[in-house]
Asks: 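Structure in structure tokens, see below.
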Amino acid sequence: MATSDARPRLGWSDLRGARVGVWGLGREGSASLRKLRALGVEPVLVDDNPTEPGIRPTADGGLDALGTCEIVVKTPGISPYGPEAVRLRQAGVILVGGLGLWLQEADRARVVCVTGTKGKSTTSSVIGHLLAGFAYKAMVGGNFGAAPYDPQHAGDYDYWVIEVSSYTATDMASTPPVAAVTSLHPDHLPWHGGVERYYRDKLSACSQPGAELTVANGDSALLRDRAGLLAPKVEWVSQDDEPGATWMEPLGLPGGHNRRNALIARRVLAALGNAAGDHGLVDRAGDDAALQHAAGGFTPLPSRLTTVGTVDGVAFVDDSLSTNVLPTLAALDAFPGRRVALIVGGQDRGIDYAPLAAGVRGRTAHTRVLTLPDSGPRISAAFAAVAAADEGFAGTTDCADLDAAVAAAFSWARPDGIVLLSPAAPSFGRFRDYRDRGDQFAAAMRACAGHATA
């Protein structure tokens, strides 16, 4: 089994006959287990918090058991920079990830990897939807959706659209000819151990052996400054490209950033067609009428600028998946001239909130900020420290919880404003996930409706 010094260049078939461990039995780990069993491999199973018999706890003999393996397939959430991962590599264990194993043996000319701090899920969904509209069979998976190596999702696909997180990017030893990157902004710093390493890890999804073209967000100065970390050829896409084009309107995606995501999807389709020698796809990607027809019927992903209801003229918009400053500012930009009560805050990962404060305080339309624990007080301090035009800024209020924030936001936004949940922080610690946070936001909206009609 050949390996490189940097990243193991192994495929799933290389694991036959080896002593293999699976570290982490969540969604990806369970898919890895099914794949290994389909290959006739019965692995050692280890999880930090096992919930089923036969799975060893990492801290209670599990790490030692993994140390007896030749290869360990780890779940993406386990950082390769953590002390336990370092200990295993020092013992001679090869650490790999399911996506990286799959890419080594995939028909990569028919695969596109889509990464980015934000926008990758929406862009992947748009690419997959347009392919389906062109009568292709496409799998959309990876960071969200199905794992492409899971036997439960095996099929005869024409194309694979794979969303790649910064976590799974570190497992990739190869890149398809075509990759896309939708945005770049600091994120997941504890996992990566620093902002520049995060950038390198994230963009490595675009530049491993086999990379030819990266379709990239040309509006990002951070990304343009790091063009050397992308493929040999880069096509830059701006939200202002194709002025006057309306083919993307049936997608129903608000905001200039989503216009750019749609334009990235179009460039990707043309590049995929060229890589696969599929001239029909190239022609369709160049045809506005064909694209507009294919765009019809698109269902936006939940908690991404989703209007969940209106109470007394106030619209409630769930953007719970915005866990970073960049998408929160983009969410505000989707409502130019509108009065917005912005709810922000959550798990504190130590990111810099000064750009959020500058962006909000520089907004001309009236904007009120309601913050949530745990990062709320630090966000408020960032607003207090940033000098800006303040033409429409209506101040900040630290709230004890989401219910209190929604109630205060609704009171201020009446009679015709917007209550926008776009937290610029993850949901961990107080909610199960971003969906749970979005659901509780909708429940708080319904409570406002009850008070308004009482």
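Please read these numbers as outputs of a predicted model, since none were measured by experiment. Numbers here are sequence positions counted from 1.
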Asks: Above 12 or not: heavy atoms from other molecules or residues under 6.0 Å from NE2 of His293?
Replies: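 Counting other residues, nucleotides and ligands, NE2 of His293 stays at 12 neighbours or fewer.
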
Asks: Examine Lys137 relative to Tyr157 and say whether NZ or CZ is less than 6.0 Å from the centre of the six-membered ring and inside a 45° cone about the ring axis.
Replies: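 Yes - Lys137 lies over the ring of Tyr157, closer than 6.0 Å to its centre and within 45° of its axis.
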
Asks: If we only count heavy atoms from C-beta on, is the Cys69 to Val20 side-chain gap below 4.5 Å?
Replies: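 Of all side-chain heavy-atom pairs linking Val20 with Cys69, none is under 4.5 Å.
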
Asks: Does a donor on one side chain and an acceptor on the other come within less than 3.5 Å for Asp319 and Ser422?
Replies: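 The answer is yes; a qualifying pair exists.
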
Asks: Is any NZ, NE, NH1 or NH2 atom of the basic residue among Arg259 and Asp240 found under 4.0 Å from an Asp or Glu carboxylate oxygen of the other?
Replies: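 No, this pair does not count.
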
Asks: Going through the distances and angles, do Trp247 and Leu263 end up as a side chain to side chain contact (heavy atoms under 4.5 Å, CB included)?
Replies: CA-CA 10 Å; Trp247 64 264; Leu263 295 175; 4.2 Å; yes

Asks: Would the distance check show the side chain of Lys120 and the main-chain N or O of Gly116 forming a donor-acceptor pair, the cut-off being under 3.5 Å?
Replies: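 Confirmed, Lys120 side chain pairs with Gly116 backbone.
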
Asks: How about Leu372 and Ile343: do any of their side-chain heavy atoms sit closer than 4.5 Å?
Replies: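 With C-beta onward as the side chain, the pair touches.
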
Asks: State, without any angle test, whether Lys118 and Thr323 hold a side-chain donor-acceptor pair at a distance under 3.5 Å.
Replies: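 Checked: Lys118/Thr323 side chains pair up, N/O donor to acceptor below 3.5 Å.
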
Asks: Measure the spacing between CG of Leu421 and OH of Tyr434 and express it to the nearest 0.5 Å.
Replies: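 That separation rounds to 13.0 Å.
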
Asks: Would you mind checking if Arg260 and Asp219 are paired as a salt bridge, meaning a charged N to carboxylate O distance below 4.0 Å?
Replies: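 Yes, Asp219 and Arg260 are salt-bridged.
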
Asks: Verify the distance criterion only: is there a donor paired with an acceptor across the side chains of Arg432 and Ser427 at less than 3.5 Å?
Replies: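 No - no donor-acceptor pair under 3.5 Å links their side chains.
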
Asks: Quick one: closest heavy-atom pair of Leu251 and Ala262, and the distance?
Replies: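 It is CD1-CB, 3.9 Å.
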
Asks: Using modelled atom types only, decide if a donor and an acceptor are shared between the side chain of Ser411 and the backbone of Ala407 within a distance under 3.5 Å.
Replies: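 It does not hold such a pair.
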
Asks: Run the side chain to side chain contact (heavy atoms under 4.5 Å, CB included) test on Val93 and Ile71 for me, step by step, so that the C-alpha distance in whole Å, both residues' side-chain angles and the decisive distance to 0.1 Å come before the verdict.
Replies: CA-CA 6 Å; Val93 178; Ile71 302 166; over 6 Å; no

Asks: Tell me which one of Val325, Thr328, Leu326 satisfies side-chain contact (heavy atoms from CB on, under 4.5 Å) with Pro355.
Replies: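 With Pro355 as partner, side-chain contact (heavy atoms from CB on, under 4.5 Å) holds for just one option, Val325.
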
Asks: Using only heavy-atom distances, determine whether the side chains of Thr371 and Asp398 contain a donor-acceptor pair under 3.5 Å.
Replies: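 Side-chain D/A pair, Thr371 to Asp398: present.
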
Asks: Side chains of Asp348 and Tyr353 only: does a donor on one sit below 3.5 Å from an acceptor on the other?
Replies: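 Tyr353 and Asp348 do not have a side-chain donor-acceptor pair below 3.5 Å.
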
Asks: Go through the side-chain N and O atoms of Ser79 and His192 and say whether any donor and acceptor fall under 3.5 Å apart.
Replies: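 Side chains of Ser79 and His192: no pair found under 3.5 Å.
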
Asks: What pair of heavy atoms forms the shortest contact from Ala85 to Pro80, and how long is it?
Replies: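 Nearest heavy atoms, Ala85 then Pro80: CB-O, 3.7 Å.
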
Asks: Is the closest side-chain donor-acceptor distance between Arg7 and Thr170 under 3.5 Å?
Replies: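 Result is no, nothing qualifies.
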
Asks: Quick one: does NZ or CZ of Arg197 land under 6.0 Å from the six-membered ring centre of Tyr81, within 45 degrees of the ring axis?
Replies: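 That pair qualifies as a cation-pi contact.
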
Asks: State, without any angle test, whether Ser121 and Glu163 hold a side-chain donor-acceptor pair at a distance under 3.5 Å.
Replies: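 The answer is yes; a qualifying pair exists.
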
Asks: Is it true that Asp150 and Arg27 have a side-chain N and a carboxylate O under 4.0 angstrom from each other?
Replies: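 Salt bridge flag = no for Arg27 with Asp150.
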
Asks: Less than 4.0 angstrom from a charged side-chain N to a carboxylate O is my criterion; do Asp318 and Arg435 meet it?
Replies: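 No.
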
Asks: First locate atom CZ of Phe335, then atom CZ of Arg363, and finally report the distance between them rounded to the nearest 0.5 Å.
Replies: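 Output value for this atom pair is 9.0 Å.
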
Asks: Should Ile162 and Pro148 count as side-chain neighbours, where that means a heavy-atom distance under 4.5 Å?
Replies: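 Touching, per the 4.5 Å side-chain cut-off.
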
Asks: Do the charged groups of Arg226 and Glu196 touch, with an N to O distance under 4.0 Å?
Replies: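 Salt bridge flag = yes for Glu196 with Arg226.
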
Asks: Ignoring hydrogens, what is the shortest heavy-atom contact between Ala357 and Ala382? Give both atom names and the distance.
Replies: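 Taking every non-hydrogen atom into account, CB-O, 3.6 Å.
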
Asks: Given 3.5 Å as the limit, does a donor-acceptor pair link the side chain of Ser207 with the main chain of Leu229, or not?
Replies: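 Checked: pair present.
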
Asks: If the plane angle is over 60° it's perpendicular, under 30° parallel, otherwise tilted; pick one for Tyr167 and Trp191.
Replies: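 Parallel, since the angle between the ring planes stays under 30°.
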
Asks: Does the side chain of Leu33 reach to within under 4.5 Å of the side chain of Leu25, using non-hydrogen atoms?
Replies: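 Yes; the side chains approach each other to less than 4.5 Å.
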
Asks: Take Val126 and Leu253 through the side chain to side chain contact (heavy atoms under 4.5 Å, CB included) test and state the conclusion after the steps.
Replies: CA-CA 10 Å; Val126 170; Leu253 295 171; 3.9 Å; yes

Asks: Side chain to side chain contact (heavy atoms under 4.5 Å, CB included) for His366 and Arg338? Distances and angles first, verdict last.
Replies: CA-CA 7 Å; His366 291 290; Arg338 296 292 302 276; over 6 Å; no

Asks: I want to check something: taking the side chain as every heavy atom from C-beta on, are Val96 and Lys74 in contact at a cut-off of under 4.5 Å?
Replies: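 Contact flag for Val96/Lys74 side chains = no.
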
Asks: Do Glu84 and Trp23 get their side chains close enough for a donor-acceptor pair, meaning under 3.5 Å?
Replies: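 Side chains of Glu84 and Trp23: no pair found under 3.5 Å.
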
Asks: Will you find, in the side chains of Asp436 and Gln440, an N or O donor that is under 3.5 Å from an N or O acceptor?
Replies: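 The criterion, which ignores hydrogens and geometry beyond distance, is satisfied for Gln440 and Asp436.
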
